[in-house]
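Below, chain A is the first sequence line, B the second, and so on; all start at residue 1.
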Protein chains: 2
Amino acid sequence: MTLEQMDKKRADIFKALSDVNRLSMIRILYRHHREMTCGEVGGELNISKSTVSYHFKILRSVGLTHTRKDAQIKYLSINKDTFHKYLPGFLDSL
Amino acid sequence: MTLEQMDKKRADIFKALSDVNRLSMIRILYRHHREMTCGEVGGELNISKSTVSYHFKILRSVGLTHTRKDAQIKYLSINKDTFHKYLPGFLDSL
DNA sequence: CCATTTGTTCTAATGTCATGAAACAAATGT
DNA sequence: ACATTTGTTTCATGACATTAGAACAAATGG
């Protein structure tokens with residue numbers, strides 16, 4: 001992997017975290033220390049469910065969160081591996 | 001400072017690092033272990049000088065870099081304090 | 001079978017960002 | 001004085017991001 005490709009990957013991670021709603025979603029997930037549903041997380045923010053879905057898709061696409069589906073409900077959680085790899089120490093600063 | 005204000009501040013930092021050119025500029029500055037001029041940094045990237053100036057203004061505005069003026073030349077450097085505060089361990093991963 | 005819950009996708013509107021050319025400003029050198 | 005160097009600002013443009021509403025899909029419960 002070239003330096004430029006690594007810069008690109010890092011930029012994608014930072015871009016995913018550059019929106020205040022997405023950052024709040026990460027903080028909420030992290031502080032609850034458990035899986036949460038889309039609706040639970042969205043309920044703490046003042047935005048529509050389609051917007052919540054849009055933001056979680058972006059977080060998932062760069063590997064910052066993980067989704068587990070059980071029946072009709074989807075459980076979200078933080079992907080700590082990605083944070084530790086690209087942003088060591090960041091989660092604990094939340 | 002409220003949680004929302006802290007999320008906003010973090011989002012601004014991440015936004016500043018979410019562009020591949022700005023990330024390359026930080027990497028170049030960090031790896032040279034010395035102050036560099038705008039022109040030197042820009043010379044390693046393939047973008048116009050006005051674009052380089054635009055990007056450094058953004059990095060400066062969130063405190064990621066520092067500028068020292070000596071005569072007509074401006075010397076740029078990394079502001080390690082900001083990195084250590086918001087992204088501990090990140091610089092060493094570059 | 002039908003209403004409800006949970007979340008996704010589509011669409012349209014609006015807003016923000018990145019870019020380079022040109023003009024500008026400040027300091028220097030001849 | 002005047003050209004040169006170094007960087008900033010202004011401007012126009014094209015590209016991309018964010019948002020909510022509506023329609024949709026899948027699973028559940030009565």
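Remark: the B/Tyr86 side chain and the B/Asp12 side chain contain no N/O donor-acceptor pair separated by less than 3.5 Å. For the 3.5 Å distance criterion, the side chains of B/Thr65 and B/Asn79 fail to qualify, holding no donor opposite an acceptor.
Summarising the geometry, the separation between CG on B/Asp70 and C1' on D/dG7 is reported as 14 Å, rounded to the nearest angstrom. Rounded to whole Å, the distance from CG on A/Leu17 to P on D/dA17 is 15 Å. D/dT9 atom C1' lies 14 Å from atom CD1 of B/Ile58, rounded to whole Å. Distance NZ (B/Lys49) to C1' (D/dT9): 12 Å, rounded to an integer number of Å. Put simply, NZ on B/Lys57 is 10 Å from C1' on D/dT10, counting in whole angstrom units.
Note on A/Ser50: every side-chain N or O is 4.0 Å or more away from OP1 and OP2 of D/dA20.
Using a 4.0 Å heavy-atom cutoff across all strands shown, B/Lys15 reaches sugar-phosphate atoms only and no base atom. Residue contacts for B/Lys74: at a heavy-atom cut-off of 4.0 Å it reaches the sugar-phosphate backbone alone, with no base atom in range. Here A/Tyr54 lies in heavy-atom contact (under 4.0 Å) with a base.
You can see that DNA chain C meets the heavy atoms of chain A within a 4.0 Å-exclusive cut from C/dT6 to C/dT9, reading 5' to 3'.
From A/Arg31, atom CZ reaches atom CE of A/Met36 across 12.5 Å, with rounding to the nearest 0.5 Å.
Where B/Cys38 and A/Ser18 meet DNA chain D, the nucleotide closest to each residue was compared, and B/Cys38 sits on the side nearer the 5' end. With the nearest nucleotide of DNA chain C identified for both B/His55 and B/Ala71, B/His55 has the one nearer the 5' end. Each of B/Glu40 and A/Ser48 was matched to the nucleotide of DNA chain D holding its nearest heavy atom; the match closer to the 5' end belongs to B/Glu40. Nearest-nucleotide assignment on DNA chain C puts the 5′-proximal partner with A/Thr37, out of B/Asp19 and A/Thr37.
Partners of A/Ile73 under the side chain to side chain contact (heavy atoms under 4.5 Å, CB included) rule, at least two apart in sequence or in another chain, are A/Thr37, A/Tyr75.
Using bins of under 30°, 30° to 60° and over 60° for the plane-to-plane angle, the ring pair A/Phe90/B/Phe14 lands in the perpendicular bin.
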Inset, instruction - Tell me, with the steps shown, if A/Arg34 and A/Glu40 meet salt bridge (charged side-chain N to carboxylate O under 4.0 Å, His left out). - result: CA-CA 12 Å; A/Arg34 60 169 173 84; A/Glu40 276 183 305; 3.5 Å; yes
Inset, instruction - For A/Arg60 and A/Thr67, run side-chain contact (heavy atoms from CB on, under 4.5 Å): C-alpha distance rounded to whole Å, both residues' side-chain angles, the deciding distance at 0.1 Å, then the answer. - result: CA-CA 8 Å; A/Arg60 241 188 349 259; A/Thr67 302; 3.0 Å; yes
